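Below: the structure, in structure tokens.
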Amino acid sequence: MEFADVARELLLVAPADFVAERTARQRAARKDDRDLAAAIGKLRKPAPAAWVIDLLANEGALDEAVDLGPAIREAQANADPGAIRKLRQQRASVVDALAQAGVDLASDAGHPATPAVLDQVRATIEAAMADPHAGAAVRSGLLVRPLESAGFDDVDLDGALADPDAVPDAWSGTDAPPISIEEGRRARKASRASSPPEPRPRTERAPKRTRETGRERSPEPEVDPAAERRAAREAEADARTASREADSALDAAENDLEAAEERRAALERDLAVAVADVERLERARDDAEAESDRARDAFTAARKARRGRA
């Protein structure tokens with residue numbers, strides 16, 4: 001069985017049961033395919049909103065939303081107000097219907113979605129409409145974190161899929177030749193590590209005179225809005241990376257705790273068996289000791305009787 005198939009099944013498991021089910025699948029796979037077992041062990045628990053999206057993808061419910069995306073983008077490119085207004089109304093209707101369907105699926109699975117999670121579900125569906133690569137990602141059933149569309153920028157798919165190689169249509173970037181999400185992530189990390197942060201461009205304002213002294217004061221630097229937005233996006237990306245790393249650490253801690261609990265349970269079972277064995281052997285010893293005392297008494301009595309007859 002391919003890892004992507006296993007991942008799709010596991011990502012449908014309710015969040016509360018995910019770690020236990022992942023461990024069970026990992027152990028089952030370890031007998032025949034250690035590489036597959038290792039990949040399963042590294043599978044991240046999906047964020048609640050991503051889990052809801054995967055439930056919808058499993059039902060095939062996201063097709064209409066994703067298929068509506070090209071029409072919306074074409075209307076925006078043609079600056080057709082009437083078409084844009086009509087398509088926006090249609091988009092709102094589709095998003096509302098899908099959000100409600102997601103609520104129902106989550107409730108049926110015993111893990112109701114909170115309002116905050118529902119907002120992320122809506123944002124992810126809208127991102128799938130805005131970017132064809134994001135559309136392929138949400139349709140895949142392999143989403144592990146929610147998505148968000150920021151203006152005309154491509155939707156960030158870094159770390160969004162459990163198995164990026166299984167979704168060739170979810171490419172990162174549109175201006176350059178298509179590259180896989182994994183390769184894109186490695187390239188961006190290498191670029192970020194080797195390149196110093198760009199200084200924010202500033203423009204000089206004309207000198208102003210203070211009201212009190214009439215002297216010229218130093219011109220105040222003006223921050224470039226584009227640089228501010230770029231810095232904000234970088235900060236958001238760093239925060240997202242930190243969040244993913246924290247999620248991975250949490251998953252590892254949960255795995256370690258579960259393994260420790262299983263070892264403790266095994267030791268407790270062994271201890272119970274050992275205690276039972278000790279008690280059984282003590283009873284056997286007591287019985288043997290009593291039998292020995294009876295035999296000794298019988299021997300003593302027999303010897304006395306023999307001497308009495310002599």
Side-chain angles (χ1 to χ4, degrees), residues 1-63 66 98 102 105-106 108-111 113 117 120-121 124-125 127-128 131 133-147 155-172 179-186 240-241 243-256 258-259:
M1 194 172 191
E2 297 294 331
F3 169 64
D5 298 326
V6 179
R8 284 189 180 93
E9 293 177 1
L10 283 172
L11 293 175
L12 297 177
V13 175
D17 302 324
F18 177 83
V19 173
E21 184 63 23
R22 180 184 61 189
T23 300
R25 294 297 295 268
Q26 182 183 16
R27 286 177 180 162
R30 191 178 291 131
K31 301 175 183 177
D32 302 318
D33 191 336
R34 298 190 69 85
D35 291 338
L36 175 60
I40 293 172
K42 294 177 182 178
L43 178 63
R44 287 176 49 210
K45 179 166 68 175
W51 172 66
V52 174
I53 291 293
D54 289 333
L55 292 177
L56 289 169
N58 185 59
E59 297 288 327
L62 295 169
D63 294 347
V66 175
L98 286 174
L105 289 172
D108 291 344
H111 195 86
V117 168
Q120 291 179 335
V121 169
T124 300
I125 297 170
D131 185 332
H133 310 307
V138 301
R139 264 177 156 167
S140 70
L142 293 169
L143 206 66
V144 294
R145 69 166 178 84
L147 305 179
V155 175
D156 179 13
L157 297 177
D158 280 358
L161 292 171
D163 185 3
D165 293 335
V167 195
D169 291 333
W171 303 114
S172 177
I179 56 175
S180 71
I181 296 172
E182 287 290 345
E183 292 174 358
R185 176 161 57 242
R186 288 195 293 268
R240 185 182 295 115
T241 298
S243 175
R244 293 176 197 147
E245 291 174 350
D247 287 343
S248 297
L250 174 61
D251 286 345
E254 288 177 340
N255 285 337
D256 291 343
E258 185 175 2

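Atom set for the values below is all heavy atoms of this structure, side chains included, hydrogens, waters and symmetry mates excluded. Please read all numbers here as calculations on a predicted model, not as lab measurements.
Inter-residue side-chain proximity for V13 and L11 is flagged as unmet; no heavy-atom pair is nearer than 4.5 Å. Side-chain contact between S140 and L161 is present, with at least one heavy-atom pair separated by less than 4.5 Å. Side-chain contact between V52 and L105 is absent, with no heavy-atom pair separated by less than 4.5 Å. Contact check for H133 versus D169: no side-chain heavy atoms found under the 4.5 Å cut-off. Looking at heavy atoms from C-beta onward, V6 lies in side-chain contact with L10 at the 4.5 angstrom threshold. Residues E9 and E21 fail the side-chain proximity criterion, which asks for heavy atoms closer than 4.5 Å. Taking the side chain as every heavy atom from C-beta outward, H111 and D17 never approach each other to under 4.5 Å. L143 is not listed as a side-chain neighbour of W51, based on a closest heavy-atom distance of 4.5 Å or more.
In this structure a side-chain-to-backbone donor-acceptor pair under 3.5 Å is present from R22 to L43. With R145 contributing its side chain and D158 its backbone, the two residues share a donor-acceptor pair below 3.5 Å. Not a single donor-acceptor pair under 3.5 Å links the side chain of D54 to the backbone N or O of L12.
The shortest heavy-atom contact between K45 and P15 is CD-O, 3.7 Å. Nearest heavy-atom pair across P146 and A47 is CD-CB, 3.8 Å. Shown here for T124 and L147, the closest heavy-atom pair between the two residues is OG1-N, 3.0 Å. Pairing each heavy atom of A7 with each of L142, the nearest pair is CB-CD2, 3.8 Å. Taking each heavy atom of L98 and A61 in turn, the nearest pair found is CD2-O, 3.0 Å. L56 and G102 get closest at one heavy-atom pair: CD2-N, 3.7 Å.
In this structure, CG on D33 lies 11.5 Å from CZ on F3, to the nearest 0.5 angstrom.
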